[in-house]
Structure formats: C-alpha cells, structure tokens
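Reckoned from all heavy atoms, side chains included, excluding hydrogens, waters and symmetry mates. As the structure lists them, so they are numbered: ligands from 1, and atoms in each ligand from 1.
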Amino acid sequence: MHQSPSYWRPVNPGAFVHARAGETRIGESINAPQQWSALLDGIADDSIVLIGVPESIGPRANLGRGGAEAGFAAFLQQFLNMQDAGRLPVQRLLLGGEVDCRDLMEQSAHLDASNADDLSQLRALCEQLDGRVREILTPLFARGVRVILIGGGHNNALPLIQALAAAQNSAVGAVNLDPHSDFRPLEGRHSGNGFSYAHKAGLLQHYQVVSLHEAKNSRSTLDQLADAGASYVPMHQLAESRMDKVMAEVARQACDWQIPFGIELDVDAITGAPASAFNYTGVSFAQAQVFVRRLAAYPKARYLHLAEAAPACHPAGLEAGNKACGQLLSELVFTYLLATNQ
Ligand SMILES: N=CN[C@@H](CCC(=O)O)C(=O)O
C-alpha cells in the first residue's frame, strides 16, 4: 500500500463524458485510477501519466491575469469526449488525477496583486503549491514514467524540475517554447521565475528557450539568462527560418546534454491562444506541434508541461476560451503521444 500524497485527487472521467450509443469516447475507455496506490500499480513500462494543476495563483503572483485554473477542465471536457477509435495510442495514458488547489485558490481569491502585502501572500501561496506539485510528481518520476502536466501557470515548471531532479538524483534540462524566459528575479515565487529558481538551486543544468521575444524580457532577465549559460532562439529569427530545421538543431543540442530534460510549452507562445499574456504575433499551432514532436521523440524527454492555458482570457469570452483551450491542449497531447510511440 502506497501512502497517497496529501493533496492528490483522482479525476472521474465519467463526470465529463457525453455518451453516445455505439461509440466509445476516450473518457469511457481511459484508465483513471481512483486510488493513489492503483495509479502507481497501473504504471507499465510505456505509460504516460497525465496530471492537472487547476490554479492561477502563479500568474496572478506575477502580476498577470487569472483564468489558468480552468485550463485543465477545458482539456478534460474536450479530450474525454473525443473518440477512442483504436487508432491513436491513448491506451498508454493514465489519467493520473490532479493537484488539489482548491483551498489555496480560495485563500488567494480576495488578494489584489497591486497591493504589496497581498502580492507577498500570493507568492507565499505559490510556494506552498510548489510543494504539493513536487510531492505528487516525485514518486511518478521515480517509477520511470513520462508525465504530461497541464496547468495552471508556468510556475509549475519549478516543482516539475525539482521532482525530476530528485527522482533522477541529478540536475536536469529544459527546452521551453515561450516568448518569455521565465527567468525573472528571485523575488518570491510566481509564474515568471520557475527557471531562475531552478537554476539557483543547481537543479537546471541546461536551459534553452525557443521563440523568445527580446522585447518581452527585461534587460536584467536576459543578462541573468546569459550568465546562467542558457541559450535561446529569438522569435524574430524564427520568423525567417523553417521550424523543423530550427527544431532539428535544438533537439540535437538537448540530446547532447545527456541528462533527462523537460519539454515546456507556454501556450502564450501560440498566436491567438487564450492565456494571461495573450499573443497576436506568436508561433502557429503547427509550429508548436513541430516543437513537441521533435523533442518528444527522445527518451530523455521525461515530461511535457502545457502551461498557462486560460479560457477566460479568450477575447470572445469563456465559452470560446474553453473550446479553444480544450482543442489546443488535446491536440498537443495527441502530438506527444504519437511522437513517443515510435
Ligand atoms: N509565464 C509567463 N511569464 C510572463 C507572463 C506575463 C503575464 O502573465 O502577463 C512574464 O513573466 O512576463
């Protein structure tokens, strides 16, 4: 019997499925253990465990907008109602539940990031959340599985890196598709400094950002990034290059690291994707798929982190945002499943 992490909650796929006679929806066939011990026991050699973190404390503690708390539910609503027609490798997925963020979200609800005291409290709550995410992920990585984490804010990169490093007993790497480096100062935890905290702790040995926008990062952030030995492909260079060519080189470098690494994707990198930092001039969805596909093919790529999808940030409102986030996140999960299935 394995002790369940204090803040783990199973997801009941049946609550999302609209059944239709003669069809099998993914939510009807997916393995979604309702006990932590059953989740661990259900892990096979090629399993991929999918975990959600329904929170927006990190983005708000970074002076951004809320909404990312609903990204995981939008994904589940779409993905679990898609067909399991036996053609895509969905049977490798274990729906591994979610990190319980309800009490932290409640405590954060009245906090106003424009007030200094409230901002410190938001950052303290974000640090508490780090511990919960890390506690759930560490035993999963220790079992050798790949993880897909659907946020929540990009703050959850830190506990992902901490958990992978703890399970591997080594520093790790990360490749991030993001206009922002999230290498902001160590000013208290939020969605903009997951990688700088991980670097400071000696856990992030290699870091590369793809499609970084050189006017969406401060001078001090870019200087810190350079001092850390991290590299990036500027967004303005990407516009003149073919994504598959760029990613072949990025993936070759990640492979040369010879350490486990994570695939980080902030959906605000994608043009028109609902997110706190909504982007009208980002990469196309097809380019984001190339990013995931090229990296996921490597066995040392141990996780995919889909961060910052925030349905309420869609210009046409919540309903459109749920649809958009549900479809974007589902397709990125399919892309990852296919790329890791070779
Ligand atoms: N992870 C996102 N980082 C961006 C987000 C800004 C926002 O939420 O508006 C940053 O720190 O600049």
Side-chain angles (χ1 to χ4, degrees), residues 53-72 108 111-114 118-119 122-123 125-127 129-130 133 149-161 174-200 204 207-225 228 230 232 234-235 262-283 288 291 304-315 321 325 328-329:
V53 192
E55 62 87 23
S56 61
I57 296 164
R60 289 172 51 225
N62 190 23
L63 308 177
R65 294 185 289 166
E69 70 278 4
F72 185 51
S108 79
L111 297 174
D112 171 3
S114 64
D118 285 11
L119 187 60
L122 277 168
R123 292 176 176 179
L125 290 172
C126 185
E127 195 177 335
L129 174 66
D130 288 344
V133 178
L149 191 101
I150 298 184
H154 219 157
N155 41 293
N156 295 307
L158 176 64
L160 267 162
I161 290 167
V175 188
N176 184 16
L177 181 67
D178 200 335
H180 318 96
S181 60
D182 291 349
F183 223 81
R184 282 180 183 275
L186 311 178
E187 57 197 357
R189 286 286 295 122
H190 57 63
S191 64
N193 58 20
F195 300 100
S196 39
Y197 268 92
H199 170 72
K200 174 76 179 163
L204 185 64
Y207 181 44
Q208 178 151 203
V209 189
V210 176
S211 196
L212 179 141
H213 196 304
E214 286 167 311
K216 289 186 179 176
N217 293 265
S218 69
R219 186 186 293 268
S220 67
T221 296
L222 290 176
D223 289 348
Q224 278 194 81
L225 195 65
Y232 63 83
M235 177 249 189
I263 306 172
E264 295 278 348
L265 193 158
D266 188 321
V267 307
D268 71 27
I270 302 171
T271 301
S276 168
F278 192 95
N279 193 348
Y280 287 99
T281 60
V283 298
F291 173 83
L304 171 66
H305 181 196
L306 302 175
E308 301 274 339
C313 295
H314 195 293
C325 289
L328 285 166
L329 295 171

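- For atom 12 (O) of ligand 1, the nearest non-hydrogen atom of the protein is R184 NH2, 2.9 Å.
- Within the model, atoms CG of D268 and NE2 of H213 stand 12.0 Å from one another, a figure rounded to the nearest 0.5 Å.
- Considering backbone and side-chain atoms alike, D178 places every N or O at 3.5 Å or more from each N or O of ligand 1.
- Side chains of P179 and M235 form no contact here, defined as non-hydrogen atoms less than 4.5 Å apart.
- No side-chain heavy atom of R189 sits under 4.5 Å from any side-chain heavy atom of L129.
- Considering backbone and side-chain atoms together, S191 places an N or O closer than 3.5 Å to an N or O of ligand 1.
- Short contacts between ligand 1 and G192, defined as distances under 4.0 Å to a heavy atom of the residue, involve ligand atoms 11 (O).
- At least one side-chain heavy atom of N193 sits less than 4.5 Å from a side-chain heavy atom of E187.
- In summary, the atoms of ligand 1 found under 4.0 Å from a heavy atom of H154, numbered by their order in the structure, are 1 (N).
- Nearest non-hydrogen protein atom to atom 5 (C) of ligand 1 is N62 ND2, 3.6 Å.
- Residue contacts with ligand 1: S276 is placed with a nitrogen or oxygen under 3.5 Å of a nitrogen or oxygen of the ligand (distance criterion only).
- A donor-acceptor contact under 3.5 angstrom links the side chains of H154 and D178, judged on distance only.
- Classified by interplanar angle (parallel below 30°, tilted 30° to 60°, perpendicular above 60°), the ring pair F183/Y207 is parallel.
- At a heavy-atom cutoff of 4.0 Å, ligand 1 is contacted by the side chain of D266 but not by its backbone.
- Under a 4.0 Å criterion applied to the non-hydrogen atoms of G64, ligand 1 contributes the atoms 8 (O).
- Using a 4.5 Å heavy-atom cutoff, the side chains of N155 and N62 are not in contact.
- Considering both main-chain and side-chain atoms, D182 comes within under 3.5 Å of ligand 1 through a nitrogen or oxygen pair.
- No donor-acceptor contact under 3.5 angstrom links the side chains of T221 and D223, judged on distance only.
- Every N/O-N/O distance between K216 and ligand 1 stays at or above 3.5 Å.
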